[in-house]
Amino acid sequence: MFQTIVTRLLTSIMVVFGALVLVFVIVYLLPGDPALSILDPSTATQEEIDLLRKQLGTDLPFYQQFANYAKDMLNGDFGKSLLNDEPVLSKIWTHAPATLLLAFTSTLIAAVIGIWLGVLSAIHRDRWIDIVARLVGLFGISMPTFWSGILLILLFSVTLGWLPAMGSDGWQTLVLPALSLGIVGSGFVVRLVRNSMLEVINEQFIVTLRAKGLPQRLVMYRHALRNALIPALTIIGVLSGELMAGTVVIETVFSRQGIGRIISDALMSKDLPVIQGVIFFSAIVYVLINMLVDLSYSMIDPRVRRMQARR
Amino acid sequence: MSGKETVLAKTVWKYDEKPPISRQRLLGRMSVPNLLIYGAGSIILFIIICGIVPGFIAPYSPTDMAYDIMAAPSFAHPFGTDYYGRDVFSVVVHGSRDSLFIGVASVLFGGLVGGLLGALAGYVGGVVDTFIMRCIEVLMTIPGILLALAIAAALGPSLFNIVLAVSLSAVPGYARVLRSQILSIKGRPFITAARSIGTPGWLIFVRHVLPNSWSPLLVMATIGLGTSILVGSGLSFLGLGIIKEIPDWGTLLSQGRGYLTVAWWISTFPGLAITLLVLSVNLMGDRLRDKIDPKQKRA
C-alpha cells in the first residue's frame with residue numbers, strides 16, 4: 001500500500017510539472033507584448049517600456065524565462081496580477097472556496113442522481129424508469145451547461161421567484177448553479193453506471209447469488225453495485241475536473257464569484273500571471289482528485305488490494 | 001442472445017430478460033429506437049441544409065431589423081424577435097453554419113492529430129509510446145474548456161483559432177482510443193503470421209492493423225462531434241467567438257441573456273438548437289457504436 005502511494009505520488013508530481021511546462025508554453029505563445037498592454041504606447045517613452053520589460057523579465061530568452069517562472073511557481077510564488085498588482089495566489093485563495101464548493105456540490109449531485117438512476121435503470125431494464133434514465137443520460141450529455149442554467153433561471157427565478165438568479169452569498173445562490181452543472185454531469189454517470197451494472201448483472205456470480213435465494217435488494221446493492229462502481233468512480237474523478245472547468249461558464253451565467261470568473265476576466269484583459277496561475281491551480285486540483293480516486297480503488301476493491309500486495 | 005439462455009435462467013431471472021416475444025420488449029427494441037434514429041437523422045439533415053442554404057429556410061433576412069422589438073413567438077415569428085427587431089428564427093437558421101463548421105472541422109482535425117499520435121504510440125511502442133502518452137496525460141490534466149479558452153484567448157478570436165482550440169482539447173481522447181485498439185490488434189496471431197512471411201512493418205500497419213482498429217475511432221468521432229459543438233458554443237458564449245453581423249448560436253444565446261426577464265425566447269431557442277443538434281448526433285453515435293461493436297463499453 002505504502003509503495004503504491006509513493007509511486008502514484010511520484011507520477012503525479014511528474015504530471016504536474018508537465019502541466020507547468022504546458023501552461024507556460026501556451027501563455028508564451030500569446031501574441032502581444034504585456035509591457036505594451038500595461039503602459040500606453042502613445043505616452044510611454046521607450047526607456048519606460050524597456051524598464052518594465054526588464055522588471056517583467058520578458059526581455060530574457062525563452063529558456064531563462066521558463067527557469068525563472070518554474071522556480072517562482074514551485075516556491076509558491078504565482079506572481080502578481082498585471083492589472084492591480086494583487087498577488088495571484090491570494091487572489092486564487094480568496095476565490096477558490098466558492099468554486100470548489102460549487103464543483104464539489106455538483107459532483108455530488110451528479111454522482112447521487114447518476115448512480116441511483118443508473119442502478120434503477122439497469123435493474124428495471126426496458127421499463128419506464130429505464131427510459132427515463134436513458135433520456136436523462138442523453139439530455140445530460142447533450143445540453144450545454146449555460147443553457148440548462150438559463151432554463152433553471154427562467155423556471156425558478158423568473159417565473160416562480162423561489163431562488164435568486166445571481167450572486168454568491170448564502171446557500172440559495174448555490175442551488176441553481178450546482179443543479180445545472182450536476183444535471184449535465186449526471187448524464188455521464190447514468191450512462192456509465194447503467195452499462196457497467198448490465199455487464200455485472202450478467203455475470204455468473206450474480207446467478208449463483210440468486211440461485212441460493214438471496215433477496216434481490218442484497219444481490220443488487222451489496223454485490224452487483226460494488227462491482228459496477230469501479231468504472232463509475234473513474235469517470236467521477238475525471239468529471240470533477242470537467243465540472244471545475246464548467247464553473248467558468250456557470251459562474252458567468254449566474255454572476256458568481258470564483259476562480260472561473262477570475263480566469264474569464266483575465267483572458268479578456270490578457271492578464272498573463274493570473275491565467276497561468278489559475279490554469280496551473282486547476283491542473284493541480286485535477287491531478288490530486290484523480291490520485292485520490294486511484295488510491296481509493298484499493299479500499300473499495302479487495303482484488304486491487306491483493307494485486308498490489310503480490311507485486 | 002436467446003441461444004445463451006437456458007430454460008432455468010428464463011424462469012429464475014425475472015428482472016433481466018423477458019421472453020423474446022413480449023410486446024413491451026418488441027416495442028422497446030424495435031420501434032422506439034428506430035423512430036428516434038429517423039428523428040435524429042431528419043434533425044441533422046435539416047440543420048445541415050440550414051447551414052448550406054440558410055436563405056431557403058429562413059423566412060426573413062437575419063440582418064433585417066424592421067420588425068417589432070422583442071415580440072413574443074407568434075405565427076409570423078415562430079421564435080419571436082430580438083432587441084434589434086430581428087426575426088430570431090432567421091438568425092438561428094443563419095447561425096447554424098458556424099456552429100456546424102466548428103464541430104465538424106474540430107472533429108476532423110482533432111481526430112487526425114489524435115489518431116496519428118495514438119497510432120504512432122501504439123504501433124511503434126517503446127520510448128515513443130512512453131513519451132507520447134506522458135504528453136497526452138499532461139494535456140489531459142488541463143480540462144478541455146480551460147485549454148480551449150487559453151488557446152482561443154492566446155491566438156485571438158477567429159473561426160480557425162476556435163477550431164484549433166476545440167480540436168486540441170479533443171486530441172487526448174482520440175489518441176488513447178486508437179492506441180489501446182492498436183495494442184490489442186498488434187498481439188493477435190494474424191499479425192504475427194504476416195510478420196513471419198516477411199511483410200514489411202509499414203505494410204502490416206496499413207493493410208492489417210489500421211483497417212481492424214479504426215472503427216472505435218469512428219464511433220468516438222461521432223460522439224466527439226457533439227462534444228466539439230458544445231465546447232465551441234461554450235467558447236462563443238464566453239465571448240471568444242467571432243464577432244459578426246450574424247451571430248452563431250452560442251453568441252446569440254449570450255446576447256439574449258440580458259433580456260431573460262422580458263424576452264425569454266432570445267436565449268432559449270438558440271440553446272434548444274444546440275441541444276437538439278448535439279442530442280441527434282449523440283443518438284447517431286450510440287447507434288453506430290451498437291452496430292459496430294456491441295461489446296464496446298460506453299465511456
Side-chain angles (χ1 to χ4, degrees), chain A residues 14-16 18-19 21-23 26-27 29-31 123-127 130-131 138-139 141-147 150-151 153-154 158 165 191-192 194-196 199 201-202 207 210-211 216 231 235 241-242 244-246 248-249 252-253 263-264 267-268 270 275 278-279 282-283 286-287, chain B residues 9 12-13 15-18 24-25 28-29 32 134-135 137-147 149-156 223 226-227 230 233-234 237-240 250 253-254 256-257 260-261 264 267-268 270-272 274-283 286 297-299:
Chain A
M14 263 172 63
V15 169
V16 166
V21 177
L22 184 65
V23 169
I26 291 174
V27 174
L29 291 176
L30 272 170
I123 296 177
H124 306 286
R125 193 179 174 180
D126 289 339
R127 306 277 282 276
D130 183 25
I131 293 168
L138 207 58
F139 266 97
I141 64 165
S142 308
M143 256 195 296
T145 46
F146 46 89
W147 192 59
I150 277 173
L151 290 186
I153 290 180
L154 278 174
V158 177
R191 285 160 64 91
L192 196 91
R194 177 176 184 273
N195 274 290
S196 60
E199 230 164 72
I201 284 175
N202 280 323
V207 186
R210 280 192 177 136
Q216 168 77 359
I235 198 94
E242 288 295 323
M244 268 272 295
V248 178
V249 175
T252 308
V253 172
I263 197 170
S264 55
L267 285 168
M268 291 299 161
K270 298 234 161 135
I275 300 174
V278 174
I279 296 186
S282 67
Y286 180 87
V287 170
Chain B
V12 176
W13 288 21
Y15 288 98
D16 192 36
E17 295 285 334
K18 290 195 195 69
Q24 208 180 0
R25 181 123 179 95
R29 193 184 253 179
V32 176
R134 283 289 163 275
C135 290
E137 216 169 284
V138 168
L139 205 55
M140 281 182 68
T141 57
I142 299 178
I145 190 150
L146 273 191
L147 191 68
L149 260 177
I151 295 170
L155 303 176
I223 294 172
T227 316
L230 283 183
S233 64
F237 173 81
L238 287 173
L240 290 162
L253 197 154
S254 152
R257 211 162 58 84
L260 270 188
T261 43
W264 55 267
S267 281
T268 308
L272 186 69
I274 299 173
T275 307
L276 274 181
L277 176 60
V278 177
L279 194 76
S280 312
V281 168
N282 282 336
L283 267 171
D286 278 2
K297 260 198 202 157
R298 304 182 181 199

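So you know, we letter chains A, B, ... as the sequences are listed, proteins then strands, and number each from 1.
Residues A:Ile201 and A:Arg125 form no side-chain contact, since every pair of their non-hydrogen atoms from C-beta on lies 4.5 Å or further apart. The side-chain heavy atoms of B:Ile274 and A:Phe146, taken from C-beta on, include a pair separated by under 4.5 Å.
Contact count against chain B (heavy-atom pairs under 4.5 Å) is highest for A:Val248 among A:Val248, A:Val287, A:Val21. Ranked by heavy-atom pairs shorter than 4.5 Å toward chain B, the options A:Ala19, A:Ala283, A:Pro144 are led by A:Pro144.
Of the atoms belonging to B:Leu272, heavy atoms from both backbone and side chain fall under 4.5 Å from chain A. Both the backbone and the side chain of A:Ile141 come within less than 4.5 Å of a heavy atom of chain B. Both the backbone and the side chain of A:Leu138 come within less than 4.5 Å of a heavy atom of chain B. Residue contact with chain B, scored on non-hydrogen atoms closer than 4.5 Å, involves the backbone and the side chain of A:Val253 alike. For chain A, no part of B:Leu277 is nearby; none of its heavy atoms comes within less than 4.5 Å. Of the two parts of A:Ile153, only the side chain, counted from C-beta on, holds a non-hydrogen atom closer than 4.5 Å to a non-hydrogen atom of chain B. Contact annotation for A:Val15: both backbone and side-chain heavy atoms come within less than 4.5 Å of a heavy atom of chain B.
The line from CZ of A:Phe139 to CG of B:Asn282 is 11.0 Å long, rounded to the nearest 0.5 Å. If you take SG on B:Cys135 and CG on A:Leu22, they are separated by 9.0 Å, rounding to the nearest 0.5 Å. To the nearest 0.5 Å, the span separating CG on B:Leu253 from CH2 on A:Trp147 amounts to 9.0 Å. The distance from atom CG of A:Asp130 to atom CD1 of A:Ile123, rounded to the nearest 0.5 Å, is 11.0 Å.
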**Asked** Given B:Val278 and B:Thr227, is the side-chain contact (heavy atoms from CB on, under 4.5 Å) satisfied, shown in steps?
**Response** CA-CA 8 Å; B:Val278 177; B:Thr227 316; over 6 Å; no
